[in-house]
Amino acid sequence: MGNVVQFRLRPSLDHDDEIPEVDLVTAVDVAIRDLRDIARQSLASATREQANSCRLMLERAYEAAVRR
């Protein structure tokens, strides 16, 4: 069975609070960093491989978007 990775929980927002808008490039950049951390901390090789594979895909998409 696979390992479940617990992500940091967001603090709850009041109804008056706005959720900040994040552009796609920033979201991908943050996801790349998170996946790098997950791959480093994971003890399971399958999890590391999956995180690294996903990170590489996002890095290619990020580089392509930034070059435009």
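Position 1 is the first residue of the sequence; numbering continues from there.
Side-chain atoms of T26 and D23 include a donor-acceptor pair closer than 3.5 Å.
In the hydrophobic clustering of this structure, L56 does not group with Y62; members are Ile, Leu, Val, Met, Phe, Trp, Tyr whose side-chain heavy atoms approach within less than 4.5 Å, directly or through other members.
A side-chain contact (heavy atoms from CB on, under 4.5 Å) with L35 is found for exactly one of M57, Q50, R55, R40, namely R55.
In plain terms, the two heavy atoms of V28 and L58 that are nearest each other are CG1-O, 3.7 Å.
From N52, atom CG reaches atom OG of S45 across 11.0 Å, with rounding to the nearest 0.5 Å. In this structure, D37 CG and S42 OG are separated by 12.0 Å, a value rounded to the nearest 0.5 Å.
Checked by atom type and distance alone, the side chain of D29 never pairs as donor or acceptor with a backbone atom of V25 at under 3.5 Å.
Residues passing the side chain to side chain donor-acceptor pair (under 3.5 Å) test with Q41: none are found, sequence neighbours excluded.
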